[in-house]
Amino acid sequence: MKFITIPIRNLGKRPVRTSLTITGIAVAIASFTALVAVSRGVGNAWTGSLAARGTHIVATNRDSVEVLTASLDDTLGKQIETVPGVRNVAGELVDLINVESRHTVIAVGWAPDEYMWREWQLSEGAKPGHDNMDGVILGSSTAQAMGKTIRDKIKLHDKEFTIMGISQYAGSLNDGALVMKLSALQELMNRPGKVTGFHIRLQQPDNEQSAARVKKDLGTAFPTLIFNETREIAENNRMLQLLRAAAWSNSVIAIIMGLIVVLNTLAMSVIERTFEIGVLSAVGWTARRILSMIMLEGVILAVAGSALGCLAGMELAHLLARMPQARGFLEIHFTTRQIIEVCLAALFLGIAGSLYPAWRAVRLHPVEALKHE
Amino acid sequence: MVQPLIEIRDAVRNYDEGRITALRGVNLTINAVESVSILGPSGSGKTTLLNLMSGLDRPTGGSVFFEGREIKTVRQWMGIRARRIGYVFQAFNLMPVMSAAENIEIPMFGVIRGTRTRARRVSELLDLVGLSARAAHRPAKLSGGERQRVAIARALANSPGLILADEPTGNLDSQNAIMIMELLKNIHHAQKTTLVIVTHNTEVAACCERLVSIVDGLIVGDAQNPDAR
Ligand SMILES: Nc1ncnc2c1ncn2[C@@H]1O[C@H](COP(=O)(O)OP(=O)(O)OP(=O)(O)O)[C@@H](O)[C@H]1O
Ligand SMILES: [Mg+2]
């Protein structure tokens with residue numbers, strides 16, 4: 001028999017309690033996994049969509065908390081383009097829009113002559129011509145969810161548009177987006193002459209030094225704007241920072257709940273087994289061995305619960321990402337780092353939760369324990 | 001020459017801040033390779049005395065020596081219990097969720113390394129107590145006598161030099177009691193283990209080479225028993 005058989009047997013002696021405990025831990029770990037995955041998923045979706053469009057730097061209002069609420073004059077783009085090292089600048093208006101009062105979609109507007117139109121990848125149809133103000137391009141995932149295809153009409157705020165093309169991207173933000181002419185979107189959203197930000201492409205994007213210098217020059221030339229490189233944007237966005245903080249604090253609460261579940265179960269089980277622990281002590285078990293037995297029980301509970309919880313949490317995160325309200329805004333990837341985080345959380349749960357019960361078990365006076373029958 | 005294995009000097013054990021005295025100045029030396037019975041009425045302090053010998057309990061006054069060395073710390077006693085002492089209880093006290101073989105293996109953890117080495121030792125012991133055929137059975141499926149044989153095998157797990165038994169036949173009918181006493185005596189002779197048996201049964205006591213009597217927490221008699229086989 002291996003030593004680990006003993007804690008397993010002990011847990012098996014109370015199958016209902018053990019399964020309930022494992023379920024409790026699984027719920028805690030599942031919410032931890034899902035919350036963190038979702039908060040990262042928003043950032044992933046952003047960074048991924050920007051990179052896929054070839055954007056190197058994004059400019060927006062220094063003081064706006066969230067991209068969608070930023071408001072800049074669309075004429076600023078021409079001035080930004082004059083800064084040395086900048087290749088192109090595309091003003092963009094982004095907003096959430098309700099399509100046929102059922103689907104929330106990210107609407108993106110570009111001026112007719114912007115480079116973004118050339119770069120945008122279609123899987124079907126064509127891009128609306130220079131003067132076609134009613135033509136839109138719909139992301140394939142949104143098109144599929146709405147059951148629309150090219151030449152279909154869609155209604156945005158009571159105004160009718162025609163789907164000219166379907167775009168296809170791996171990244172969920174781009175793949176869910178609705179692209180239209182800037183002036184049409186400005187009119188729909190009642191934001192004439194405004195954009196939410198500028199996409200900037202550099203002449204030498206791979207030269208880190210020059211990229212940093214251009215960014216610095218841009219900052220000096222436009223002090224009311226903030227310039228973020230693509231990879232920084234998710235980190236520096238305040239909404240995302242808030243979301244991450246919320247996810248982490250909820251996760252900490254979930255982990256503490258899991259810890260209390262382990263603690264409660266083992267504390268009860270140690271009290272029940274007072275006599276048995278006295279016997280173990282009498283037949284020669286050292287304090288350390290008794291301690292290891294109880295703590296192993298905690299770790300086994302935590303590992304079993306976390307494995308289940310991790311799977312359930314991943315499933316939950318994917319489910320959330322597919323929900324109509326979230327489709328397109330979330331990109332769920334599970335990285336080794338995240339698996340390691342869950343493993344660490346599980347180990348922490350098991351060890352911290354069993355520490356006190358194990359200490360109680362070791363502290364038992366063997367003679368008193370033997371009288372406890 | 002006889003060598004003292006355990007020596008108890010002026011041991012006093014009080015409970016409830018001195019209101020109850022279980023032992024009131026006991027001096028007793030157990031020599032290596034003898035068999036000793038401690039006989040006394042209920043409440044006379046037999047279990048208390050046995051617990052001092054194993055370090056499960058500490059005296060309120062006086063001292064306990066193991067192989068000539070005074071043992072003072074819990075840690076020292078843990079080491080001694082792990083390797084040098086085997087304990088047999090009246091109520092068997094086997095782990096209900098484990099088989100006979102697994103119960104016997106329990107004391108070996110931390111002492112005998114390697115699952116295979118332990119398994120070999122377990123089967124030796126099962127053989128010794130005549131329970132090889134019942135190795136996989138849980139205690140609930142064994143008779144009282146068989147359970148006590150498993151408990152004796154468990155006490156022998158790490159080949160201790162000393163076996164302490166507290167009323168080992170107290171829960172058995174006379175036939176099983178005889179069988180257990182025979183087994184303990186055989187082990188005592190064959191393996192040269194020191195045997196201390198606590199009992200209030202004179203027939204059980206008569207199996208030992210030395211008879212110690214205790215009444216009200218005091219040793220009142222200590223004699224060799226030439227009739228012991
Ligand atoms: N924890 C305790 N608190 C108070 N008194 C105790 C405690 N343990 C034992 N005693 C008392 O000490 C005395 C000796 O007890 P002990 O268990 O050693 O007797 P014993 O000879 O083994 O009796 P029995 O044959 O019934 O097992 C008894 O009067 C008992 O009530
Ligand atoms: Mg007793």
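None of the values given here were measured: they were computed from a predicted structure. Throughout, protein chains are lettered first and strands after them, A, B, ... in sequence-line order, and every chain is numbered starting at 1.
- When heavy atoms are compared at a cutoff of 4.5 Å, B/A157 does not approach chain A at all.
- Between B/I106 and A/V279 the shortest side-chain heavy-atom distance does not fall below 4.5 Å.
- Contacts of A/A369 with chain B are absent, with no heavy-atom separation under 4.5 Å from either backbone or side chain.
- Judged as a ring-ring contact (aromatic ring centres under 6.0 Å, His included), the pairs with a partner in residues 90-110 of chain B (not counting sequence neighbours) are, in order, A/F3-B/F109.
- Considering every non-hydrogen atom in both B/L142 and B/A100, the closest pair reads CD1-CB, 4.4 Å.
- B/H137 has its side chain out of reach of B/V150: every pair of non-hydrogen atoms, C-beta onward, lies at least 4.5 Å apart.
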Which is it for B/R149 and B/M179 under the side-chain contact (heavy atoms from CB on, under 4.5 Å) test, yes or no, and what are the steps along the way?
CA-CA 9 Å; B/R149 273 144 69 193; B/M179 195 198 265; 3.5 Å; yes
I'd like a table of the N/O donor-acceptor pairs between chain B and chain A - cut-off under 3.5 Å, distance only.
{"unit_1": "B/R81", "atom_1": "NE", "unit_2": "A/S281", "atom_2": "O", "d": "3.0"}
{"unit_1": "B/V97", "atom_1": "O", "unit_2": "A/R9", "atom_2": "NH1", "d": "3.3"}
{"unit_1": "B/E102", "atom_1": "OE1", "unit_2": "A/R9", "atom_2": "NH1", "d": "2.6"}
{"unit_1": "B/E102", "atom_1": "OE2", "unit_2": "A/R9", "atom_2": "NH1", "d": "3.4"}
{"unit_1": "B/E102", "atom_1": "OE2", "unit_2": "A/R9", "atom_2": "NH2", "d": "2.8"}
{"unit_1": "B/E105", "atom_1": "OE1", "unit_2": "A/M1", "atom_2": "N", "d": "3.3"}
{"unit_1": "B/E105", "atom_1": "OE2", "unit_2": "A/M1", "atom_2": "N", "d": "3.3"}
{"unit_1": "B/I106", "atom_1": "O", "unit_2": "A/W285", "atom_2": "NE1", "d": "2.8"}
{"unit_1": "B/R118", "atom_1": "NH2", "unit_2": "A/M1", "atom_2": "O", "d": "3.1"}

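- Judged purely by atom type and a 3.5 angstrom limit, B/T169 has no side-chain atom pairing as donor or acceptor with the backbone of B/L172.
- Both the backbone and the side chain of B/M98 have a heavy atom closer than 4.5 Å to some heavy atom of chain A.
- Within the 4.5 angstrom heavy-atom criterion, atoms from both the backbone and the side chain of A/I6 approach chain B.
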Audit row: B/S132, B/L126, side-chain contact (heavy atoms from CB on, under 4.5 Å) steps and yes/no:
CA-CA 5 Å; B/S132 298; B/L126 279 166; 4.1 Å; yes
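- Closest approach of A/A358 to A/M295, counting heavy atoms only: CB-CG, 3.8 Å.
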